[in-house]
Amino acid sequence: EVQLVESGGGLVQAGGSLRLSCAASGSTFDYYVIGWFRQAPGKEREGVSCFSNSDGSTYYADSVKGRFTISSDNAMNTVYLQMNSLKPEDTAVYYCAYAGNSFGVTARSLSDETYDFWGRGTQVTVSS
């Protein structure tokens with residue numbers, strides 16, 4: 001079992017920045033993919049970005065490309081999501097998810113079916 005804890009959410013004005021963290025613990029794998037997802041009220045969950053520690057590859061949804069950056073501290077089993085130029089439409093609960101024994105990322109890695117473990121989420125609210 002892998003436990004995930006997200007942190008770093010909050011309230012920010014449009015144009016501002018936040019950095020989310022996702023810390024993995026428990027029975028973690030040597031190689032994994034961590035994804036960030038978000039869900040706004042009344043909308044389906046959306047894949048935002050993902051990272052593979054096997055090769056350092058990353059993938060972004062078109063809606064956040066150029067504004068969000070995913071990175072990691074492999075020694076700490078932590079993945080970060082730096083969110084810049086935030087927009088009101090970025091408002092959502094942000095979740096991280098973990099897929100163990102996974103190598104590399106593709107567009108398919110933004111599908112929630114890829115992941116086995118999920119955090120409880122952190123709220124991000126962007127005011128206009």
Side-chain angles (χ1 to χ4, degrees):
E1 188 81 13
V2 175
Q3 292 80 44
L4 301 172
V5 178
E6 303 98 335
S7 60
L11 173 64
V12 65
Q13 288 189 333
S17 299
L18 284 173
R19 189 177 81 154
L20 306 183
S21 299
C22 172
S25 62
S27 301
T28 56
F29 291 75
D30 289 341
Y31 298 106
Y32 56 83
V33 168
I34 287 184
W36 283 100
F37 292 76
R38 64 187 182 187
Q39 188 166 23
K43 294 189 176 182
E44 292 188 356
R45 187 161 56 192
E46 171 193 20
V48 172
S49 182
C50 50
F51 167 83
S52 169
N53 79 322
S54 67
D55 59 4
S57 57
T58 60
Y59 202 90
Y60 297 92
D62 287 344
S63 58
V64 305
K65 204 172 292 183
R67 300 188 298 122
F68 290 10
T69 303
I70 193 168
S71 62
S72 77
D73 181 341
N74 289 335
M76 299 295 292
N77 277 341
T78 299
V79 170
Y80 305 97
L81 186 68
Q82 178 67 42
M83 306 186 296
N84 298 329
S85 302
L86 283 162
K87 305 174 181 179
E89 51 262 45
D90 294 317
T91 295
V93 178
Y94 283 70
Y95 300 89
C96 66
Y98 186 102
N101 202 33
S102 295
F103 304 85
V105 293
T106 65
R108 190 169 182 272
S109 305
L110 292 184
S111 168
D112 54 8
E113 296 176 348
T114 298
Y115 299 90
D116 306 304
F117 304 100
W118 291 81
R120 293 188 175 185
T122 185
Q123 176 70 47
V124 171
T125 303
V126 184
S127 63
S128 57

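Since the structure is predicted, the reported quantities are computational estimates derived from the model, not experimental observations. All heavy atoms count here, side chains included; hydrogens, waters and symmetry mates do not.
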Are any of the side-chain heavy atoms of R38 and V64 separated by less than 4.5 Å? yes
Do I34 and Y80 come within less than 4.5 Å of each other through their side chains, counting heavy atoms only? no
Grouping I, L, V, M, F, W and Y whenever their side-chain heavy atoms are under 4.5 Å apart, do V124 and F37 come out in a common cluster? no
If we only count heavy atoms from C-beta on, is the F103 to D55 side-chain gap below 4.5 Å? no
Looking only at the side chains, is there a donor atom on one of S63 and E46 sitting less than 3.5 Å from an acceptor on the other? yes
For the pair S49 (side chain) and Y60 (backbone), establish whether a donor and an acceptor sit closer than 3.5 Å, ignoring hydrogens and angles. no
Hey, are the side chains of Y94 and E6 touching, using non-hydrogen atoms and a 4.5 Å cut-off? no
Using a 4.5 Å cut-off on heavy atoms from C-beta on, say whether the side chain of V12 contacts that of M83. no
Do any N or O atoms from the side chain of S109 and from the backbone of T106 form a donor-acceptor pair under 3.5 angstrom? yes
Could you check if a side-chain atom of D112 sits within less than 4.5 angstrom of a side-chain atom of Y95, using non-hydrogen atoms only? no
Taking the side chain from T114 and the backbone from A99, do they hold a donor-acceptor pair closer than 3.5 Å? no
Indicate yes or no: at least one non-hydrogen side-chain atom of V33 is less than 4.5 angstrom from one of Y115. yes
Salt-bridge criterion met for D62 and K65 (N-O under 4.0 Å): yes
Any idea how Y32 and Y98 line up, ring-wise: parallel (<30°), tilted (30 to 60°), or perpendicular (>60°)? parallel
With no hydrogens and no angle check, is any side-chain donor or acceptor of S57 less than 3.5 Å from a backbone partner on V105? yes
Is there a side-chain contact between W36 and V79 in this structure, where contact means two heavy atoms from C-beta onward sitting under 4.5 Å apart? yes
For residues 116-127, which residue pairs qualify under side chain to side chain donor-acceptor pair (under 3.5 Å), counting only residues two or more places apart or in two chains? Q123-T125
